[in-house]
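Quick notes on the structure that follows.
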Amino acid sequence: MTSHFKPVLSVVLFLVACGGNGSPGGGDDDPSVDGGRPDGNPTTTLDPNDCVGVAANFVSAAQTCGTQLPGNAAATFEAACRKGITKADLCGGDPAAGLACFETPSAGDFECVLGEPAPYCNNDLGAALGMYCLIALGNVQCASGVSCQFDSDCPSNSACNEATAQCFSKDAYCVGLPCEFNADCPSGQKCNDAEGACILE
């Protein structure tokens, strides 16, 4: 497990206030089903219904690791994923591979780190950050919907993300959030230039 990940429980707890519902769907772990990367390569189609499986897989992994989750964790995680898919063209990493990897359970999807599930996706950083990106873009603390050009356009304790042109909370957990510079990421995170996504410092 690399140091680029923090247990996902932090993401779910951040998102619980957002809530959400979803509908069942299907898919598989083959990234070619969803197409290529959203970076100008072959057209990518991301199915919001895959978020159902991603959320269920996360909850199952959390139970395996012994993580205590709020009762609405799956719905919250799914809702953020669905919302993030609508903005996936902003993502670095590989959201299609991330959804394909996490949509159905596999032994290499998550690792237990300090009793919590951490996305691993068979050591594929691009896929894991792609999935994290969808969750970050669905989290109002990471992508507030408030348009900006400069930090001064944002409320206090917020900054302007150059990649999304939206304000984000400086204290939020936004691993996977699209970035161009370290300043596009919250405190304790930095921009991974190769993936164009925030990671932990």
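These numbers come from the heavy atoms of this one structure, side chains and all, not from hydrogens, waters or symmetry mates. Quick note: residue numbers are just sequence positions, from 1.
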Legend entry - Connected via hydrophobic side-chain network under 4.5 Å: L200 and L125: yes
Do [X] side-chain atoms and [Y] backbone N/O form a donor-acceptor pair below 3.5 Å?
{"X": "Q141", "Y": "D171", "answer": "no"}
{"X": "D94", "Y": "G130", "answer": "no"}
{"X": "N57", "Y": "G53", "answer": "no"}
{"X": "S144", "Y": "C167", "answer": "yes"}
{"X": "E78", "Y": "V54", "answer": "no"}
{"X": "N122", "Y": "D124", "answer": "no"}
{"X": "N161", "Y": "Q166", "answer": "no"}
{"X": "N139", "Y": "I135", "answer": "no"}
{"X": "T64", "Y": "S60", "answer": "yes"}
{"X": "N182", "Y": "C191", "answer": "yes"}

Check whether any side-chain heavy atom of [X] sits under 4.5 Å from a side-chain heavy atom of [Y], and report yes or no.
{"X": "V175", "Y": "Y173", "answer": "yes"}
{"X": "C133", "Y": "P178", "answer": "yes"}
{"X": "F168", "Y": "S158", "answer": "no"}
{"X": "I199", "Y": "K190", "answer": "yes"}

Inset, instruction - Mind telling me whether F77 and F58 have parallel, tilted or perpendicular rings, with 30° and 60° as the class edges? - result: parallel
Would you say the SG of [X] sits less than 2.5 Å from the SG of [Y]?
{"X": "C154", "Y": "C160", "answer": "no"}
{"X": "C185", "Y": "C198", "answer": "yes"}
{"X": "C112", "Y": "C65", "answer": "yes"}

Separation of [Y] [atom2] from [X] [atom1] (nearest 0.5 Å):
{"X": "L90", "Y": "T164", "atom1": "CG", "atom2": "OG1", "value": "7.0 Å"}
{"X": "D109", "Y": "M131", "atom1": "CG", "atom2": "CE", "value": "9.0 Å"}
{"X": "L129", "Y": "E195", "atom1": "CG", "atom2": "CD", "value": "6.0 Å"}
{"X": "D151", "Y": "E162", "atom1": "CG", "atom2": "CD", "value": "8.5 Å"}
{"X": "L99", "Y": "T104", "atom1": "CG", "atom2": "OG1", "value": "11.0 Å"}
{"X": "Y132", "Y": "C91", "atom1": "OH", "atom2": "SG", "value": "14.0 Å"}

Please report the shortest heavy-atom distance between [X] and [Y], naming the atom on each side.
{"X": "T67", "Y": "G115", "value": "OG1-O, 2.7 Å"}
{"X": "L46", "Y": "A96", "value": "CD2-CA, 3.4 Å"}
{"X": "C51", "Y": "R82", "value": "SG-N, 3.4 Å"}
{"X": "A163", "Y": "E180", "value": "CA-OE2, 3.9 Å"}
{"X": "D47", "Y": "I85", "value": "O-CD1, 3.8 Å"}
{"X": "A62", "Y": "L69", "value": "CB-CD1, 3.4 Å"}

